[in-house]
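Here is the structure we will look at.
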Amino acid sequence: MDIQEAIRTRHSVRSYTDRPLDPESVAALQAEIDAANAEGGLSIRLVAGEDRAFTGLMSRLGGARWNVRNYLVLAGPESDDLEERIGYCGERVVLRAKTLGIDSCWAALTFRKGEARRAVDPGDKLVCVVALGYAAAPGAPHKSRPLSEVCRADGPLPDWFERGMEAALLAPTALNQQKFLFTLVGENQVRAEALKGSHTQVDLGIAKYHFEVGAGKDRFRWV
């Protein structure tokens with residue numbers, strides 16, 4: 001499975017089996033985490049074989065029964081763009097996990113922050129976590145907003161921009177709110193903005209990573 005297919009087939013999973021992560025997959029995932037941390041100046045950590053962050057009342061919000069034994073802790077030095085970088089680099093790792101057959105779910109509330117902070121370096125800020133594992137029940141596709149509500153352009157959309165938006169609309173967002181706006185500026189420049197809502201800066205980073213994969217990084221530049 002390549003990244004394009006991972007974007008199309010990955011859905012949030014909220015119920016996992018007891019099967020531990022394969023050692024080969026852990027090694028490949030750790031290599032991706034190391035690369036993402038270097039790129040984004042972050043401190044993403046993989047916690048494997050431990051369930052403390054997904055126990056208690058918070059983990060059962062919405063009737064979920066997670067049975068999470070592995071998760072990513074997404075953190076880094078505090079800055080104005082930390083949440084966007086967490087979304088962008090975190091989704092890079094999440095999609096790599098999908099290519100390895102590992103399912104996932106972004107979580108901003110349904111985990112125990114005190115337990116997750118055990119994996120956070122002193123001075124870093126914990127933003128959120130991502131549950132990882134092998135699905136006990138498959139995730140379902142989410143509904144998407146109309147393209148006209150999430151992008152702007154003065155004229156017809158180029159093919160590469162449409163492909164980018166199709167990928168962005170497949171990005172996971174908090175409460176499936178999809179509160180982002182992509183604007184085509186000139187022929188090959190794109191401005192991406194987070195709208196008002198919960199965790200929209202993280203969502204913007206995730207959507208921007210999807211857009212790059214769909215459109216092709218060589219077709220445009222961010223403004």
Side-chain angles (χ1 to χ4, degrees), residues 1-14 36 39-40 42 62 74 79-99 103-110 127-131 138-223:
M1 181 186 297
D2 61 15
I3 296 297
Q4 295 275 4
E5 186 177 355
I7 284 178
R8 293 191 300 270
T9 61
R10 183 210 164 271
H11 308 301
S12 295
V13 168
R14 293 176 175 82
E39 176 186 4
L42 300 173
L74 295 107
S79 68
D80 291 342
D81 66 343
L82 174 61
E83 293 189 359
E84 182 180 326
R85 286 186 287 119
I86 285 288
Y88 182 94
C89 294
E91 185 68 358
R92 168 181 173 170
V93 177
V94 164
L95 292 175
R96 178 66 175 118
K98 183 60 179 177
T99 69
D103 298 296
S104 59
C105 184
W106 285 79
L109 294 175
T110 51
V127 176
C128 54
V129 304
V130 176
H142 62 251
K143 293 183 179 179
S144 292
R145 294 170 63 188
L147 191 62
S148 60
E149 294 183 5
V150 292
C151 71
R152 296 285 185 272
D154 290 335
L157 298 179
D159 289 343
W160 62 264
F161 189 90
E162 284 198 32
R163 291 193 299 270
M165 288 309 306
E166 289 170 0
L169 284 169
L170 293 174
T173 59
L175 304 175
N176 194 32
Q177 57 192 343
Q178 296 183 323
K179 290 190 176 180
F180 48 72
L181 179 66
F182 286 72
T183 303
L184 179 63
V185 182
E187 294 184 357
N188 64 345
Q189 300 178 76
V190 179
R191 180 172 60 248
E193 306 166 78
L195 307 180
K196 290 184 178 180
S198 176
H199 306 288
T200 56
Q201 292 294 334
V202 175
D203 293 346
L204 179 65
I206 298 172
K208 286 177 72 172
Y209 188 80
H210 276 231
F211 186 94
E212 285 187 356
V213 173
K217 292 181 68 172
D218 60 336
R219 301 302 303 269
F220 75 99
R221 66 182 181 91
W222 297 112
V223 296

Give me the ring orientation class for Tyr209 and Tyr88: parallel if the planes are under 30° apart, tilted from 30 to 60°, perpendicular past 60°. perpendicular

For Trp222 and Phe182, take the angle between the two ring planes, folded into 0 to 90°, and tell me which bin it lands in: parallel under 30, tilted 30 to 60, perpendicular over 60. tilted

What distance do [X] atom [atom1] and [Y] atom [atom2] have between them, rounded to the nearest 0.5 Å?
{"X": "Leu175", "Y": "Thr200", "atom1": "CG", "atom2": "OG1", "value": "11.5 Å"}
{"X": "Leu74", "Y": "Arg85", "atom1": "CG", "atom2": "CZ", "value": "12.0 Å"}
{"X": "Glu5", "Y": "Arg8", "atom1": "CD", "atom2": "CZ", "value": "5.5 Å"}
{"X": "Met165", "Y": "Phe211", "atom1": "CE", "atom2": "CZ", "value": "6.5 Å"}

Please test Ile206 against Thr173 for side-chain contact (heavy atoms from CB on, under 4.5 Å), starting from the C-alpha separation and ending with a verdict. CA-CA 8 Å; Ile206 298 172; Thr173 59; over 6 Å; no

Please lay out, stage by stage, how Leu170 and Glu166 fare under the test side-chain contact (heavy atoms from CB on, under 4.5 Å). CA-CA 7 Å; Leu170 293 174; Glu166 289 170 0; over 6 Å; no

[Y] backbone acceptor or donor facing [X] side chain under 3.5 Å:
{"X": "Arg152", "Y": "Ser148", "value": "yes"}
{"X": "Gln177", "Y": "Ser198", "value": "yes"}
{"X": "Arg145", "Y": "Val150", "value": "no"}
{"X": "Glu83", "Y": "Val127", "value": "no"}
{"X": "His142", "Y": "Leu169", "value": "yes"}
{"X": "Asp203", "Y": "Lys179", "value": "no"}

Any side-chain heavy atom of [X] sitting closer than 4.5 Å to one from [Y]?
{"X": "Leu42", "Y": "Ile86", "answer": "yes"}
{"X": "Gln178", "Y": "Ser144", "answer": "yes"}
{"X": "Pro172", "Y": "His210", "answer": "yes"}

Which pair of heavy atoms, one from [X] and one from [Y], lies closest together, and at what distance?
{"X": "His199", "Y": "Ala174", "answer": "CB-CB, 4.1 Å"}
{"X": "Gly139", "Y": "Val13", "answer": "N-CG2, 3.7 Å"}
{"X": "Val94", "Y": "Trp106", "answer": "CG2-NE1, 3.9 Å"}

Counting only heavy atoms not in Asp2 (residues, nucleotides, ligands), do more than 12 fall under 6.0 Å from its CG? yes

